[in-house]
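Okay, so here's the structure we're looking at.
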Amino acid sequence: MSKTWLSFGQQLVSLKSKGMQVDNDSLATSYLERVGYYRLSGYWYPFRQFDKKNTNQRLGLFVDDTHFQHIVDLYVFDKKLRLLAIDALERIEMAVRVDIAHTLGKKDPQAHEQADKLDGNFAKKAIKKGKNKGKTEHQLWLAKHSQLLYRARKEPFILHHNKNYQGIVPIWVAIEVWDFGCMSRLYAGMTFSDKTVIAKKYGANAKQFEQWLRSLNFIRNVSAHHSRLWNANILEQSAPLSFDSKWSKLVNYKPFFYFCIMQHMLKVICPRSSWNQRFKSLLNEFPAVPDDTVKLKDFGVITSLEDWRLWQ
């Protein structure tokens with residue numbers, strides 16, 4: 001290991017030697033102590049100079065007039081962004097859980113455990129390669145579901161069903177132990193007709209909605225684990241949308257596209273929510289930095305929200 005341990009004071013000296021302007025040493029040291037040098041480095045990375053010989057390569061030196069406060073402001077913006085995402089995704093997760101439970105429960109209270117109530121490729125087709133060869137996607141889902149039930153075994157509602165119903169938990173109760181990933185995987189395994197019933201509620205088709213849930217689960221995991229979100233490249237991408245001309249301009253590998261999907265769904269789930277206003281207010285808090293070193297376009301905002309009906 002070529003890197004050496006540095007005290008917080010030494011870390012600050014190192015930043016200054018690379019051109020970082022520090023207006024308040026004690027405040028900067030406090031952030032290094034509470035947030036950490038490595039986590040903050042993801043926020044000051046865009047402020048590092050490009051190598052003139054290789055424009056894809058960043059140097060260790062910072063661009064002129066880079067202040068530690070710029071990094072703090074960007075970090076705080078990202079934190080507020082993650083909290084807004086969690087707020088929206090909680091509502092979406094709760095609503096879609098109920099959608100799935102209501103649709104499958106109508107077939108059978110145990111429909112989530114029954115292969116004949118689900119899509120054949122999910123419930124009956126064996127995986128051909130890898131460590132799960134010979135198993136079905138449904139079997140893998142059931143294993144995950146069992147783990148979640150076991151983890152919640154001391155919850156009063158699980159104790160009640162174990163005592164009074166021999167451990168049989170109907171789907172409208174089972175949803176209470178699911179996480180977003182468990183929910184999205186089961187939706188993907190539902191029959192096309194059942195998926196369509198739910199997707200239509202949100203103005204989507206079955207394939208689109210399956211993609212949305214997978215992408216939103218990615219956003220949820222990034223946010224829940226306190227990772228950098230504002231300029232992340234989204235690995236679980238949904239297909240571009242063309243609901244109107246504004247949608248058509250968006251790029252589906254940047255987070256803003258998925259915040260638009262959240263808003264689209266929230267207008268169905270809780271149309272009187274002020275989440276959209278809080279989101280627009282947060283965009284106005286985006287740090288002002290010299291020479292547009294970082295900009296909202298890096299988040300994916302490439303169109304005005306004020307005249308977009310989605311955000312009204």
Side-chain angles (χ1 to χ4, degrees), residues 86-128 130-202 204-207 209-221 224-225 236 265 268-270:
I86 290 292
D87 182 18
L89 292 171
E90 178 186 4
R91 304 183 204 197
I92 290 168
E93 182 179 351
M94 296 301 105
V96 178
R97 279 185 188 179
V98 175
D99 292 333
I100 294 173
H102 194 70
T103 302
L104 287 179
K106 185 177 181 180
K107 292 182 172 183
D108 190 288
Q110 300 300 114
H112 57 300
E113 298 178 349
Q114 299 170 3
D116 62 333
K117 303 296 192 300
L118 301 168
D119 180 74
N121 287 329
F122 178 78
K124 299 176 183 179
K125 186 177 180 180
I127 298 170
K128 295 182 179 180
K131 64 179 181 179
N132 296 314
K133 181 180 179 181
K135 297 180 180 180
T136 66
E137 291 290 346
H138 186 216
Q139 287 174 326
L140 298 179
W141 183 88
L142 285 171
K144 172 66 174 178
H145 184 248
S146 295
Q147 290 175 359
L148 294 173
L149 283 172
Y150 180 77
R151 190 172 70 182
R153 65 192 182 279
K154 295 184 180 181
E155 293 285 350
F157 66 96
I158 297 297
L159 289 171
H160 172 77
H161 281 80
N162 286 338
K163 178 181 179 181
N164 297 290
Y165 300 100
Q166 295 77 50
I168 297 174
V169 182
I171 189 169
W172 51 83
V173 176
I175 61 173
E176 296 301 323
V177 307
W178 295 356
D179 56 28
F180 206 112
C182 183
M183 176 191 75
S184 64
R185 285 179 65 190
L186 184 61
Y187 176 85
M190 293 169 65
T191 64
F192 179 78
S193 58
D194 285 343
K195 286 194 287 190
T196 298
V197 168
I198 296 173
K200 278 187 174 180
K201 177 180 175 180
Y202 300 97
N205 60 45
K207 183 178 180 180
F209 200 66
E210 183 178 333
Q211 291 177 343
W212 293 2
L213 293 182
R214 189 169 62 246
S215 299
L216 294 180
N217 183 49
F218 180 87
I219 298 287
R220 185 259 174 208
N221 289 339
H225 292 98
E236 292 287 355
M265 294 182 68
V268 176
I269 297 166
C270 41

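- Remark: His160 pairs with Tyr165 by the ring-ring contact (aromatic ring centres under 6.0 Å, His included) rule, at least two apart or across chains.
- Contacts of Arg214 classified as salt bridge (Lys or Arg N to Asp or Glu O under 4.0 Å), with partners at least two apart in sequence or in another chain: Glu236.
- Partners of Ala174 by side chain to side chain contact (heavy atoms under 4.5 Å, CB included), not counting sequence neighbours, listed by chain and number: His112, His145, Val169, Trp178.
- Listed by chain and number, the residues in a side chain to side chain contact (heavy atoms under 4.5 Å, CB included) with Ala143 amount to none (sequence neighbours excluded).
- The stretch residues 134-144 participates, sequence neighbours left out, in these salt bridge (Lys or Arg N to Asp or Glu O under 4.0 Å) pairs: Lys144-Asp179.
- Judged as a side chain to side chain donor-acceptor pair (under 3.5 Å), and not counting sequence neighbours, the contacts of Arg97 are Glu93.
- Taking the ring-ring contact (aromatic ring centres under 6.0 Å, His included) definition, one finds that Phe180 meets it with nothing, sequence neighbours left out.
- Residue pairs meeting the salt bridge (Lys or Arg N to Asp or Glu O under 4.0 Å) criterion with at least one partner in residues 149-161, sequence neighbours excluded, do not occur; the list is empty.
- Note on residues 189-201: pairs passing side-chain hydrogen bond (donor to acceptor under 3.5 Å, both in side chains), not counting sequence neighbours, are Asp99-Lys201, Lys107-Asp194, Thr191-Ser193, Thr191-Asp194, Lys195-Glu210.
- Phe157 CZ: more than 12 foreign heavy atoms inside a 6.0 Å radius.
- Among residue pairs with one or both ends in residues 112-122, none qualify as salt bridge (Lys or Arg N to Asp or Glu O under 4.0 Å); sequence neighbours excluded.
- The salt bridge (Lys or Arg N to Asp or Glu O under 4.0 Å) test applied to Glu90 returns no partner, not counting sequence neighbours.
- Residues satisfying the ring-ring contact (aromatic ring centres under 6.0 Å, His included) criterion with Phe218, sequence neighbours excluded, are absent altogether.
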